[in-house]
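For ligands, and for the atoms within them, numbers begin at 1 and follow the listed sequence. Model, not experiment: these values are computed from the prediction. For the numbers below, each heavy atom of this structure counts, side chains included, while hydrogens, waters and symmetry mates do not. Just so you know, residue 1 is the first one in the sequence shown, and it goes up from there.
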Amino acid sequence: MSVFDLSVTDALLSTTRAVRKRLDLERAVPDEIIRDCLELSMQAPTGSNKQGWRWIVVTDAGKRESLAEIYRKGADTYLQDGYQEAKAAGAAQDVRVYESARYLSDRLEEVPVHVIPCIEMHADPADNPELWWPSLMGSILPAVWSFQLALRARGLGSTLTTLHLNCAEEAAALLGIPDNIKQVGLLPVAYTKGTDFKPAKRRPLDEALHWNGW
Ligand SMILES: Cc1cc2nc3c(=O)[nH]c(=O)nc-3n(C[C@H](O)[C@H](O)[C@H](O)COP(=O)(O)O)c2cc1C
């Protein structure tokens with residue numbers, strides 16, 4: 001017997017996509033929904049239970065415009081090169097991802113809510129980098145994914161993006177983020193146009209699975 005209705009939980013886990021072209025740029029997002037989803041996301045685990053999450057929610061149109069410019073500065077070359085390489089290699093799925101990423105990049109300011117997840121840095125990375133990076137990212141990315149799942153369950157969508165981090169200091173200056181707070185991405189959030197997302201084609205499990213050793 002299952003604890004939860006697996007048809008519901010498995011559908012949520014397998015159909016929460018990186019949504020870009022199907023973000024509804026016309027529909028306003030109530031602040032309360034963002035708050036509810038963030039509240040849920042903070043049930044995620046953190047190393048030593050430090051709970052160092054910080055969320056910067058940006059709805060101000062001027063700041064979204066500035067963030068979009070920063071994002072494009074960080075993204076343009078990467079997206080252009082990636083698109084050309086995928087096309088030359090005949091990698092159809094990658095071509096679609098780059099086209100979709102370009103679509104989002106071109107109109108990021110129009111997405112009604114930008115959420116920048118951040119994590120407070122406690123220890124010095126030089127002390128033990130092997131442990132530091134997994135602990136730091138592992139203390140924020142589970143919460144980010146929970147946030148995305150909670151959005152999906154309510155008819156909203158997002159994509160975890162990282163390309164603005166090429167110009168992270170500019171975003172930090174714009175938003176007044178202190179030096180000990182690390183940004184880990186930018187999530188454009190909106191209602192989705194329709195909710196009928198499907199599981200993605202992924203490589204077979206057995207290509208990635210090692211049981212009792214490599
Ligand atoms: C660490 C990470 C960084 C990402 N950065 C970006 C980004 O900067 N811009 C973007 O449009 N998508 C970004 N993505 C989204 C991926 O392109 C997306 O998850 C992938 O294509 C799979 O899409 P799917 O989950 O809908 O199948 C990122 C995803 C991850 C996990």
Side-chain angles (χ1 to χ4, degrees), residues 10-25 41 44 53 55-56 58 64 66-87 89 91-119 133-153 155-172 182-205 207-208:
D10 292 2
L12 177 66
L13 290 168
S14 61
T15 66
T16 302
R17 298 265 70 78
V19 186
R20 305 182 187 91
K21 290 187 172 176
R22 288 176 62 185
L23 293 174
D24 188 341
L25 306 179
S41 79
W53 327 273
W55 309 97
I56 305 178
V58 181
R64 281 186 286 132
S66 300
L67 281 173
E69 279 166 21
I70 293 168
Y71 184 89
R72 284 190 282 271
K73 205 161 132 187
D76 274 354
T77 307
Y78 178 84
L79 292 181
Q80 261 160 32
D81 292 353
Y83 176 75
Q84 294 303 341
E85 278 166 32
K87 224 172 158 194
Q93 191 182 29
D94 290 350
V95 168
R96 280 200 300 279
V97 170
Y98 281 108
E99 278 171 353
S100 169
R102 163 66 60 194
Y103 177 93
L104 175 66
S105 179
D106 284 347
R107 45 186 65 66
L108 187 58
E109 60 271 45
E110 297 175 45
V111 184
V113 184
H114 295 180
V115 175
I116 299 193
C118 303
I119 182 82
W133 280 108
S135 301
L136 194 71
M137 292 303 116
S139 294
I140 184 66
L141 293 177
V144 169
W145 184 236
S146 290
F147 176 60
Q148 293 183 271
L149 294 170
L151 290 171
R152 162 82 172 125
L156 291 90
S158 64
T159 299
L160 170 60
T161 77
T162 45
L163 287 168
H164 92 278
L165 298 174
N166 280 325
C167 311
E169 312 76 35
E170 290 182 43
K182 192 160 206 52
Q183 304 167 62
V184 301
L186 188 164
L187 295 144
V189 177
Y191 279 97
T192 55
K193 295 180 192 161
T195 56
D196 57 329
F197 295 92
K198 296 193 172 50
K201 185 167 168 12
R202 298 285 200 239
R203 60 195 291 212
L205 169 64
E207 278 183 23

(request) Over all heavy atoms of both residues, which pair between L160 and G185 is shortest? Give the atoms and the distance, please. (result) CD1-CA, 4.3 Å
(request) Applying side chain to side chain donor-acceptor pair (under 3.5 Å), name anything that partners R107, two or more places apart in sequence or on another chain. (result) none
(message) Using every non-hydrogen atom in the two residues, find where K198 and R17 come nearest and quote the distance to one decimal.
(response) O-NH1, 2.9 Å
(message) Could you measure the distance from the CD1 atom of I119 to the CH2 atom of W53? Nearest 0.5 Å is fine.
(response) 8.5 Å
(message) Using a 3.5 Å distance criterion without hydrogens, assess whether the side chain of S105 forms a donor-acceptor pair with backbone atoms of A101.
(response) no
(request) Answer yes or no: are there more than 12 heavy-atom neighbours, outside K193 itself, under 6.0 Å from its atom NZ? (result) yes
(message) Can you work out which protein residues put a heavy atom within less than 4.0 Å of ligand 1?
(response) R17, A18, R20, Y71, V97, A101, T159, L160, T161, T162, L163, A200, R202
